[in-house]
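See below for the structure under consideration.
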Amino acid sequence: MSTFLSTSKPDPLDKQVKNAEIKLAAMLAEHNTAFLFIDHLVPVLKKIFPDSLICQRIQLKRTKATNIIKNVIAPSEKVALSTKLKNVKFSVLIDESTDIACHYVNLPCAWL
C-alpha cells in the first residue's frame with residue numbers, strides 16, 4: 001500500500017523525457033514520416049548520445065507516438081486551427097475531377 005501513497009518528489013528528468021517524446025512524435029507528424037521510423041530512430045539516438053540521461057530514458061515506439069499525436073498534439077492543434085479560422089477569411093475549393101461516377105453526355109457536333 002505504501003507504493004501507492006508514495007510522497008517522494010517527482011524526478012525532474014521525467015518532464016524533460018516526456019517533452020522529448022512529444023517533440024519526436026510531432027516531428028513524425030509534421031514531416032509525414034512513417035511511424036515505423038521511430039522504432040529505429042530512438043535506438044540510434046541512444047547510441048549517438050550515450051551521455052544524455054534524457055535520451056537514454058526515452059521509451060517511444062509506433063504505438064506511443066500514435067497516441068501522443070492523437071491525444072496530446074491533435075487537440076491543441078485543433079483549437080489553434082479553429083482560432084485562426086475564426087479570425088481569417090477563407091474559401092473552400094471542391095475539385096470533382098477525380099469523381100469516376102461522372103458520365104459524359106454525347107453532345108452534338110455543333111456544340112464543339
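Below, all heavy atoms of this structure are taken into account, side chains as well, without hydrogens, waters or symmetry copies.
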Per the salt bridge (charged side-chain N to carboxylate O under 4.0 Å, His left out) rule, what does the pair list look like for residues 48-61, sequence neighbours excluded?
D11-R57, D14-R57

Heavy atoms of other groups near K46 NZ, more than 12 under 6.0 Å
yes

Any chance you could pull the hydrophobic cluster mates of F35, using side-chain heavy atoms under 4.5 angstrom and chaining through other members?
L13, V17, I22, L24, M27, L28, F37, I38, L41, V42, V44, L45, I48, F49, L53, I54, I58, L60, I68, I69, V72, I73

Could you pull out all donor-acceptor pairs under 3.5 Å where a side-chain atom in residues 79-94 meets a protein atom, sequence neighbours excluded?
from : atom 1 : to  : atom 2 : distance (Å)
S82  : OG     : K78 : O      : 3.2
S82  : OG     : V79 : O      : 2.9
T83  : OG1    : V79 : O      : 2.8
N87  : ND2    : T83 : O      : 3.1

For the student: nearest non-hydrogen atoms of A65 and A25, plus distance:
O-CB, 4.0 Å

Report the distance from atom NZ of K47 to atom SG of C55, rounding to the nearest 0.5 Å.
12.0 Å

Pairs involving residues 65-77, ordered by first then second residue, that meet side-chain hydrogen bond (donor to acceptor under 3.5 Å, both in side chains) (sequence neighbours left out):
none

Within residues 30-45 or reaching into it, pairs that qualify as salt bridge (charged side-chain N to carboxylate O under 4.0 Å, His left out) - sequence neighbours excluded:
D39-R62

With sequence neighbours left out, write down each residue that passes salt bridge (Lys or Arg N to Asp or Glu O under 4.0 Å) with K64, or none if nothing qualifies.
E21

